[in-house]
Amino acid sequence: MACDVDELDINPFFRALQAKFSDLYDQAQKKCYTICIPQSSTICESGINTDFAETHILKPSPYFKGELLTSHSQNPKSVTFEESGQYLTTGAGFASELRVKIISEELAYNKEYKQYRILILNQPLDPKFQKQTPAEGEEAGKRLHTALERVDQGVRLFSRNYMVLPDYLTDAASRLEDLCTDAVELCLRQADRKLASDLMWRDVLGAAVESYILGGVHEKVFEVVCTRFAEDDQYLVSKIQSQLQGISAKSLGIKSKFACPLPTAVAELKRLDDLTTPREQLYCLKSVIDNITAGITSHLARDNPPHLAALSQDEPCLTSDDLIPIMVSVIAQTSCPHLQSHVFYMENFVWASSAKDDLSYCLVTFKAAVQYILSTDFSHLPRKHVHKKQVSLDRQTSSGADRLSVTNGHRSHDRSPSPRYGYDSPCYTPSPRYSPVVTASAGSGSSTPAPSDRLDRQLSRISRALEQTSVGEGHGQKEQKVKSIFGAKYDVPVALEVAARSRTSPQLGDFLSSLQDDFMDQPFGKQA
């Protein structure tokens with residue numbers, strides 16, 4: 001009996017009965033039903049569900065002596081004992097008749113001290129619950145390989161025989177969708193029955209087959225898509241170059257608290273033209289939005305230290321209305337030549353997805369940003385102008401800090417100005433707080449600071465201290481994680497960006513200003 005007790009102690013189904021299916025187990029004990037426990041080696045823990053439990057809890061049949069019925073509330077299946085008492089035979093309701101050996105029997109007692117039987121079986125009563133052996137797995141792999149060969153044949157026939165025309169792209173999309181549907185059904189027929197009934201696995205299979213087929217026809221299809229939307233793409237490129245360069249964040253409608261450089265989002269969006277399937281492009285858009293969220297979160301954390309953020313009553317929240325103009329500013333900093341083509345491609349050549357999932361939200365946001373650029377006239381908006389004889393130290397420190405990047409685990413500290421993410425960026429507004437003026441002499445090529453009074457000297461000292469401490473902190477800062485707006489499973493790394501804080505100084509006298517602008521950023525005196 002020792003081996004039987006050990007089997008019950010380690011058996012995943014018996015443990016699941018006591019924990020997950022306790023109601024069924026209590027009912028079986030109370031009514032003295034027969035509980036069948038297949039050996040642990042013959043079942044897979046992930047396949048234990050309510051159907052499994054109801055199939056292996058047997059109650060006496062009210063019609064025939066010696067016959068047992070499964071505990072399904074509807075359409076119970078029949079099981080009979082052989083005369084020898086060593087085997088169970090499945091009957092009506094099962095897909096096929098199966099003879100299952102009883103390895104051993106345990107007698108147990110319920111709360112009323114009535115006996116009920118626990119039978120240890122050499123396999124499950126239904127073959128669909130049986131753990132797949134390596135040989136069966138190899139056979140299933142061969143069947144799937146045969147199915148994929150037929151999918152390859154369908155892709156070759158489409159590429160060789162079907163002519164994709166610009167005015168009939170929806171017909172091409174319909175043909176490819178039918179090809180994907182047939183391929184998924186073929187793979188499901190060749191797959192294991194238990195896998196084929198798993199809805200999550202079916203979704204994964206559909207997305208994989210779709211990407212496999214569209215990756216094979218990408219050059220043929222996307223070239224025609226670009227031909228159809230060539231005028232719109234060219235119009236977008238020229239409009240971005242002529243109207244969106246130099247536009248400030250405020251002019252685009254970006255809230256001042258969200259105005260910050262977003263180089264990682266820009267770099268991610270630049271990858272769009274290198275991706276060969278619309279699903280990859282959707283995930284690229286999702287990564288762009290994640291990097292926007294991470295960059296803004298990091299920016300807000302710098303502007304609101306923890307000891308001050310705890311006192312703030314208003315917690316900043318990035319909404320869809322805020323995200324669209326920020327996406328416009330990110331698009332304006334890329335040189336993507338096929339924006340409208342990508343929108344059409346992702347909108348019409350992705351089928352294995354829901355209209356309410358995260359990828360659809362990303363596509364709607366990107367499409368809204370592109371449409372906003374198409375339909376809005378930006379020519380009347382003011383642009384930034386920089387006086388040739390005055391250069392802000394804040395511009396130098398911020399543009400130099402923006403060039404801090406992480407490459408193979410090391411930071412590069414290039415201090416050269418960065419026109420892309422510096423002062424002229426449409427999503428960055430220079431801070432007036434630390435902006436002492438540097439005056440260039442007319443006859444020299446170099447510039448030297450000229451503090452004329454105590455306030456200028458104090459501000460110059462603060463700017464230099466900030467520049468040194470920002471670089472020093474960058475060496476010791478570890479990469480941190482910020483949660484994606486789509487949930488915990490999409491965590492993304494925060495870009496390690498260093499920039500001066502953006503805060504307006506009050507108009508105070510020399511003495512109060514020197515106290516208020518202390519380089520440790522701690523105000524003195526009684527605070528309201």
Side-chain angles (χ1 to χ4, degrees), residues 148-184 206-242 244 266-288 327-328 330-353 359-360 362-375:
L148 289 177
E149 286 182 345
R150 294 180 61 180
V151 173
D152 285 337
Q153 183 180 2
V155 172
R156 287 194 297 269
L157 288 174
F158 180 89
S159 299
R160 185 171 61 246
N161 299 334
Y162 189 83
M163 181 177 291
V164 183
L165 300 175
D167 294 332
Y168 296 92
L169 283 171
T170 53
D171 181 71
S174 179
R175 293 287 185 94
L176 289 171
E177 183 179 8
D178 292 341
L179 182 59
C180 290
T181 302
D182 294 342
V184 170
V209 170
E210 174 192 287
S211 295
Y212 183 78
I213 291 176
L214 289 174
V217 300
H218 172 75
E219 292 184 4
K220 182 182 182 71
V221 174
F222 191 67
E223 181 181 354
V224 180
V225 173
C226 292
T227 301
R228 175 175 172 180
F229 293 97
E231 292 185 4
D232 290 340
D233 290 337
Q234 184 58 40
Y235 176 73
L236 280 167
V237 171
S238 61
K239 189 170 186 178
I240 289 172
Q241 292 176 349
S242 61
L244 281 176
V266 174
E268 184 66 21
L269 189 58
K270 284 185 174 183
R271 297 177 51 243
L272 199 62
D273 273 321
D274 299 329
L275 304 175
T276 58
T277 68
R279 185 167 293 272
E280 283 182 302
Q281 294 174 359
L282 284 174
Y283 275 104
C284 176
L285 295 185
K286 182 183 174 303
S287 180
V288 170
M327 179 67 80
V328 169
V330 172
I331 293 173
Q333 296 175 70
T334 63
S335 54
C336 182
H338 305 298
L339 289 171
Q340 191 63 35
S341 298
H342 285 303
V343 169
F344 180 86
Y345 194 45
M346 290 182 282
E347 198 171 25
N348 292 274
F349 288 85
V350 175
W351 310 289
S353 64
L359 298 181
S360 298
C362 297
L363 176 58
V364 169
T365 303
F366 182 71
K367 182 179 178 181
V370 172
Q371 291 299 320
Y372 180 71
I373 296 173
L374 276 172
S375 58

With a 3.5 Å cut-off and sequence neighbours excluded, list the donor-acceptor pairs that the side chains of residues 223-230 form with protein atoms.
| unit_1 | atom_1 | unit_2 | atom_2 | d |
| --- | --- | --- | --- | --- |
| Thr227 | OG1 | Glu223 | O | 2.9 |

* Looking at Ser159 and Gly216, what are the two nearest heavy atoms and their distance? -> OG-O, 4.2 Å
* **Check: Tyr162 and Val221 side chains under 4.5 Å, non-hydrogen atoms** => no
* Asked: What residues form a salt bridge (Lys or Arg N to Asp or Glu O under 4.0 Å) with Arg271, not counting sequence neighbours?
  -> Glu268
* Asked: So do Trp351 and Leu214 actually touch side chain to side chain, heavy atoms under 4.5 Å?
  -> yes
* Give, for atom CD1 of Ile373 and atom CE of Met327, the distance between the pair rounded to the nearest 0.5 Å. => 10.0 Å
* Structure fact -> Between Asp233 and Pro337, the two heavy atoms sitting closest are CB-O, 3.3 Å
* Asked: Residues in salt bridge (Lys or Arg N to Asp or Glu O under 4.0 Å) with Lys239, at least two apart?
  -> none
* **Shortest non-hydrogen contact between Cys336 and Asp273, atoms and distance** => SG-OD2, 3.6 Å
* Asked: Closest approach of Val155 and Leu179, non-hydrogen atoms and distance?
  -> N-CD2, 4.2 Å
* Is a donor on one side and an acceptor on the other found under 3.5 Å between the side chain of Ser287 and the backbone of Tyr283? -> no
* **Donor-acceptor pair, side chain of Ser238 and main chain of Tyr235, under 3.5 angstrom** => yes
* How long is the span from the CG atom in Asp182 to the CG atom in Asp178, to the nearest 0.5 Å? -> 6.5 Å
* Structure fact -> The single option from Lys286, Met346, Gln281 that satisfies side chain to side chain contact (heavy atoms under 4.5 Å, CB included) with Cys362 is Lys286
* Asked: Under the side chain to side chain donor-acceptor pair (under 3.5 Å) rule, what pairs show up with a residue in residues 148-158, not counting sequence neighbours?
  -> His145-Glu149, Asp152-Tyr212
* To do: Please name all residues satisfying ring pair (Phe, Tyr, Trp, His ring centres under 6.0 Å) with His218, sequence neighbours left out, ordered by chain then number.
  => Phe222, Tyr345
* Structure fact -> Between Ala369 and Ile331, the two heavy atoms sitting closest are CB-CD1, 3.9 Å
* **Flag side-chain contact, heavy atom, 4.5 Å: Leu272 against Phe366** => yes
* How about Leu269 and Leu285: do any of their side-chain heavy atoms sit closer than 4.5 Å? -> yes
* If only atom types and distance count, is the side chain of Gln371 paired as donor or acceptor with the main-chain N or O of Lys367 below 3.5 Å? -> no
* Could you check if a side-chain atom of Glu210 sits within less than 4.5 angstrom of a side-chain atom of Thr277, using non-hydrogen atoms only? => no
* To do: Side-chain contact test, heavy atoms from C-beta onward, threshold under 4.5 Å: evaluate it for His342 versus Val370 and give yes or no.
  => no
* Asked: At what distance, to the nearest 0.5 angstrom, does CG of Leu374 lie from CG of Leu236?
  -> 4.0 Å
* To do: Kindly indicate, with the supporting measurements, whether the criterion side-chain contact (heavy atoms from CB on, under 4.5 Å) is fulfilled by Phe349 and Ile213.
  => CA-CA 11 Å; Phe349 288 85; Ile213 291 176; over 6 Å; no
* To do: Check the pair Leu339, Ile240 against side-chain contact (heavy atoms from CB on, under 4.5 Å), reporting the backbone distance first and the verdict last.
  => CA-CA 11 Å; Leu339 289 171; Ile240 289 172; 4.0 Å; yes
* To do: Could you check if a side-chain atom of Phe344 sits within less than 4.5 angstrom of a side-chain atom of Leu169, using non-hydrogen atoms only?
  => yes
* To do: Any chance you could measure Glu347, atom CD, to Ser360, atom OG, to the nearest 0.5 Å?
  => 10.0 Å
* For Glu177, check salt bridge (Lys or Arg N to Asp or Glu O under 4.0 Å) against everything at least two apart and list the hits. => none
